[in-house]
Asks: 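The structure that follows is given in the form of structure tokens.
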Amino acid sequence: MPGRRYNAAVLSFHIENGKLKATSRPVPKLRPGWALVRVRLVGICNTDVELLHGYYNFRGVPGHEFVGTVEQLRRASAAEKNKWLGRRVCGEINISCGALGRRPVCDFCRRGLKTHCARRTVLGIIGHPGAYAEYLTVPLENLHIVPESVSDELAVFVEPLAAACEILEQVDVRKFREAAVLGDGKLAQLIARVLCTAVPRAVMYGKHEKKLALARRAGIATKKVGGDGSDLGRVREKFRLVIEATGSPTGLALAQQMTEPRGTLVLKSTFHGAAPVETWPIVVKEITVVGSRCGPFANAIHLLRAGKINPQPLITRVFPLEKAPEAITYAQRAGVMKVLLNPQEV
Ligand SMILES: [Zn+2]
Ligand SMILES: [Zn+2]
């Protein structure tokens, strides 16, 4: 934008020895075909907390759930400038080898599976600075325009909501009359809401009464469980479709137990470490197990624009970016749902 001083230092937070540390750096440089995005809001994800605790050995700037404004492009056509400059955007997190300038692109990219690119970096997770910052750089091919009617507070949910929508891409959920969602955390809440748009009944199994109450307000049936090994003896219900989103290894054993013979079990948790689960019942019951990660942004944006899903009640608190260390500590407190950082709040 004319007049803006891009040589001025801008604030970002990076992970160092299990803590978030502030740095002042010049605005990041752009590769051709990339955009400079001024961050408007960024969501704190459980993955960020895991990065802070040392997973992936990540040392950089975390943050992969963002909404921002495109302020600069490099080597863009007039049409691209016209389309993107000044627009509010959110962005897919897997940065493909093609966007990184590699030629020829890898086999997965050639097959259109960019989220599985063999040489990808992942925004704020693997090898590319994320959105706990005033500015970040993103390839144009990853960006999606946020419609005017979708507020920043809603748009910041597009990335995790897209991950929830991925289930509908992988499983023909219309075949099912009901589905069980294990977990009552942020991702589980979005998954249950997405399922409710396509399945007559979704039942959430969780251990936090307050979080279950949030789900009920969105029309989701709920069951309170202990959230530990004792559930295995107590929960008797069976479903043809079960989504595991507890983020804990014990959830997987329960999910497997709750899946009917010939049923489908979707795994959404990306907890680290080994899950103590017996695999023989999967064979005996002939369960279809589906691993599920990043999903279609366009579908998530559509659900928000159409008002079919309103994740705003999931926001517990918004902190200014300068308070990122305090915010990530707060985000780990019991009962806290989505915490956001706002780089423009002073
Ligand atoms: Zn995330
Ligand atoms: Zn690739």
Side-chain angles (χ1 to χ4, degrees), residues 13 15 20 31 33-34 39 41-53 55-56 58 60-68 90-133 136 138-139 141-142 144 154-167 183 185-191 193-194 243 245-248 267-272 291-297 300 311 314-316 324 327-328 331-332 336-341:
F13 280 87
I15 290 172
L20 280 176
R31 292 166 178 273
W34 285 55
V39 179
L41 272 182
V42 52
I44 296 181
C45 174
N46 290 348
T47 302
D48 304 342
V49 174
E50 294 195 329
L51 295 176
L52 193 71
H53 295 155
Y55 292 108
Y56 295 111
F58 185 77
V61 180
H64 56 273
E65 304 175 357
F66 72 93
V67 52
C90 46
E92 296 185 39
I93 69 175
N94 297 282
I95 298 170
S96 72
C97 57
L100 293 167
R102 305 277 201 107
R103 296 293 182 277
V105 299
C106 78
D107 218 36
F108 291 96
C109 287
R110 214 166 23 240
R111 288 155 58 195
L113 302 172
K114 285 187 182 178
T115 59
H116 292 282
C117 167
R119 295 181 300 219
R120 72 186 187 275
T121 59
V122 186
L123 192 73
I125 299 175
I126 304 168
H128 189 78
Y132 284 26
L136 82 163
V138 190
E141 68 174 33
N142 287 45
H144 294 259
L154 293 179
V156 76
F157 282 96
V158 167
E159 194 277 332
L161 190 57
C165 289
E166 178 71 356
I167 297 168
K186 300 181 279 288
L187 185 57
Q189 296 272 348
L190 294 175
I191 289 168
R193 282 161 177 76
V194 165
I243 320 293
T246 61
S248 82
L267 304 184
K268 266 296 183 187
S269 282
T270 49
F271 54 80
H272 289 80
S292 179
R293 185 171 41 103
C294 299
F297 270 47
L314 300 177
I315 301 172
T316 308
I328 204 162
Q332 294 171 69
V336 171
M337 298 297 281
K338 185 57 84 184
V339 177
L340 304 176
L341 300 173

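In each ligand, atom 1 is the first atom listed, and ligand 1 is the first ligand listed.
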Asks: Looking at Arg102, is its backbone amide N or carbonyl O close enough to the side chain of Arg119 to form a donor-acceptor pair, meaning the two atoms are under 3.5 Å apart?
Replies: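 Pair absent, no side-chain N/O of Arg119 close to backbone of Arg102.
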Asks: In degrees, rounded to 10 degrees, what angle do Cys97 atom SG and Cys117 atom SG make at the Zn ion (ligand 2)?
Replies: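 My answer is 110°, to the nearest 10°.
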Asks: Output yes when Glu141 and Lys114 qualify as a salt bridge under the 4.0 Å nitrogen-oxygen rule, no when they do not.
Replies: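 Result for this pair is yes, salt bridge flagged.
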Asks: Please find the N/O/S atom of His64 nearest to the Zn ion (ligand 1) and write down its name.
Replies: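 Atom name of the closest N, O or S in His64: NE2.
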Asks: Between Glu166 and Lys268, is the closest basic N to carboxylate O distance under 4.0 Å?
Replies: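 Judged by the 4.0 Å cut-off on N to carboxylate O distance, Lys268 and Glu166 do not form a salt bridge.
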Asks: In Å, rounded to the nearest 0.5 Å, how long is the span from CD1 of Ile328 to CD1 of Ile44?
Replies: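 Interatomic distance, Ile328 CD1 to Ile44 CD1, rounded to 0.5 Å: 5.0 Å.
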Asks: Which angle, to 10 degrees, forms at the Zn ion (ligand 2) with SG of Cys109 on one side and SG of Cys106 on the other?
Replies: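 Here the angle at the metal atom is close to 110°, to 10°.
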